Each structure stands twice: as structure tokens, then as C-alpha cells.
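Naming: A, B, ... by sequence-line order, numbering from 1 per chain. The model shown is predicted, which means the values in this text are computed figures rather than measured ones.
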Amino acid sequence: MSERHSRQELLPPSPPATGSATVTVFASPASWIESDAVAQCHQVAALDGMTHVAAMPDLHPGKGAPIGAAMASTVLYPFLVGSDIGCGIAVFPVKLKRAVPEKLAARFPDLDRALDPERDADDPAWAVAQDGIPAGHVEGLGTVGRGNHFVELARVGTVFEPGHAARLGLAAGDLVLIVHSGSRGLGERILREHTAVHGAGPAPDPGAYLAMHDEAVRWGSLNRRLLAARVAHALGAEPTEPILDQCHNLVELRDGSYLHRKGAAPGDGRDVLIAGTRGTPSYLVAAHAGPDAGHSVAHGAGRKMSRADALRRGRAKHTVEELRRTPMGSLVVCGDRQLLFEEAPTAYKRIEQVIADLVHHDLATPVATTIPLVTYKTPDLGPAPQRDHRDQRRKRGRP
DNA sequence: ATGTAC
């Protein structure tokens, strides 16, 4: 136990145990890293061909492989990327005259309903799909999915690097759409086709896997553009090009080895939106991670609780109303009560700690925060809760 | 995170 905790501080990486890759955890002791997740990193490090595992401060246990890690090896392991190949986060500028959360929340379109090329041929969102549909896969196109995926209207809050923000066309108070979504059924099918034959083993024909993988990465990016365009049109704004779009589930050939990213964003001189939670800010950062960090940075706050724990504890701790209207005053559009509890801000680590760890290890420089106004998860049950009694109580009970 | 099975 203590051995695992002390490992978190080891930088540069400790010498590898014989026959296994190095594991470096880029987190301070103040960041809770579940020991199961660190154990998964060491299991991955022991796989044939692995050379290095870099764990980000949002590390948490995944299915077989950890989430929040960059993993390098001489062979390609599809399961280290997982089923949501191409999942990522994109940020789009939005111009609206007024941004009243209650009004805008009611205008979000149904993003569980796919865009059908024939039935929805007139939908203006198709304008972003001029280059065609990767893999010809139309099922689920334009849908956000579930789990931690979301589309969020947010306002730029604190700007730490005004020059950098200005180069991205951003200043405090500006509105943005943040889209976190992936390749839906396409990536899942690609992984399943591999695992059905080879299980957790490496891809015998990396080129064949990569060809499909690359389609899923393009599909995920197109999906984020379609989602942003659907929402922009519904809110009465013009669709825009993303100012950043980073995929955090993918594998790339780099320096002669396969660099698998699972919940780890490319951090090699790129701008990245590191997602907070539905109820806390997110951070736009300038990433500058080197090889020790797998050229990667964190992709979000990272789960602190399993979904099962979050559901059990959340039901005792929160009401649906306080999760639908957060302490920040933002609204969460989510007709799925179970998902609302699973995705409660308290089920996640503190984003500020994750960012502090990245800064401490010189992997990223914060550029600005984004403050949620409306986070869309899945179609709502009914009207947003009124500005509730908690606000009233705050006014009455405190100066 | 996913489509699908229970």
C-alpha cells in the first residue's frame, strides 16, 4: 500500500522491474488514486512488448485497462484503447445575444435521436459533413451517447493566459459549446470484432486494425461537429469550427512504438479542454507533455467512485432537483435519474487538484476556465427545477 | 461506453 503511494512521487520514473515496463503516476499524494487503478497500470506494464505506462492524475479503474493513461508498446493492443475509439472533447465558440439557462435548456434538441441522412435530409447540421461519413456508418450519427458524455453550453470564466486565449478567439464571458462524445456503436463493433477472435491479445495485423480505428477516430470527430451544429441551430446560433478537438481514446505510431491513449488527451503542444463535472468548471490548458508522460495529459476530473457507489451514495446524499440545478446555478438536462446520480459532481475528483498535478509536473499551463450554464446529457423529464429553496436558504441564513 | 440480453 505505502509502496504504491510512494510511487506516485517518483519522477523521473523508477528503473523497471526485470521484464516489465516503467510505470509513472503523474499525481501528487493529495490526489486520491485508487489502488486498483495503479494495479491495472502494473498489469498492463507486464504485457508483452510494453515499454512505458504514464498514468494521469485522473486515473481510475477501467474494464481490464486503466482509464487516464498513455501506454506505449512494441505491439498494438486494441483493448488498451477500448470500445469508444475516437472519443474526445471539442470546443466550439458560440454567439448568443442572451444566455438564460432556463430558456436555453428547454431548446436543446433530442440528442438521443440519430440524424437520418434521408429522413433528416433537410437538417442544416449536415453542412459540417461535407467530406462524407467515415465507414459509411450512419447508425447513431449525431447522438451524444451516455456515460460521461455530454454537450455543454458554458461561459469562459477566469482567463489565466489572455494572450493565448485571444489567439483562440476567447475572452472572459464568451460562450462556448463543449462536446464530449465518441464513435458510439462503430468503435464498439471494431473492438468486438477483434476481441471475438483474439481476446485481449495484440492485433496480428496492426494495419488492418488501424484502418478501421482511424475511421472511428474521424467518425467521433464528425459526430462532435454534428452535435455542436445541431445544438447551435436549435439555440439560434451559427455553427462554428472547433477551436480545439482532442481525441483521448486512440492509438498512434510514435517513435517506433504504439502509443495507446485511454482517457488521456494528446499533450504534445496542443490545447486541451480538461472536463470538470456537471457542476464545476472545466479547464482549457496549453499542454506540453514530454515522453515520460506519454506526450499526454488528463482528459477530465476522473471518477472517484464507481458508478454503483455513486448511485448508492448519491441517492442518500442528493435530491434529483439539486443535481438538475447545480450550486453554480447551471442546469443539467438529464431525464435518466440513475445517470444523474452516477454523474454527480461528488462522484468525481476535484478538477482543481487534477490541474494542479499537471502544472506541478509541468505537463500543462491553464489558459482559462469554463463555467457551465447548461449541460445536456439525455432528454429531460420536464421543466427545469425552479431556483430552489437552497438559494432562498442561502439568502436567509447567511450574510 | 456500448448494444443487447435478461
**Study point:** Identified side chain to side chain donor-acceptor pair (under 3.5 Å) counterpart of Asp271(A) within the set Gln246(A), His164(A), Arg167(A)
**Key:** His164(A)
**Study point:** For Ser83(A), side chain to side chain contact (heavy atoms under 4.5 Å, CB included) partners two or more places apart
**Key:** Glu188(A), Leu191(A)
Review point. What integer distance in Å separates Asn223(A):CG from dT2(B):P?
Key: 10 Å
Revision key, fill the gap. To the nearest angstrom, the NZ-P distance between Lys262(A) and dT2(B) comes to 10 Å
**Study point:** Non-hydrogen atoms of Ala364(A) and Val297(A) that approach each other most closely
**Key:** CB-CG1, 4.4 Å
Exercise for review: Indicate yes or no for a side-chain donor-acceptor contact from His299(A) to the backbone of Gly263(A) under 3.5 Å, with no hydrogens or angles considered.
Suggested key: yes
Polar atom pairs between nucleotides 3-6 of chain B and protein, under 3.5 Å, N or O only, would you list them?
{"from": "dG3(B)", "atom 1": "OP1", "to": "Gly185(A)", "atom 2": "N", "distance (Å)": "3.4"}

Review point. Is there a path from Met212(A) to Tyr258(A) through hydrophobic residues (I, L, V, M, F, W, Y) whose side chains come within less than 4.5 Å of each other?
Key: yes
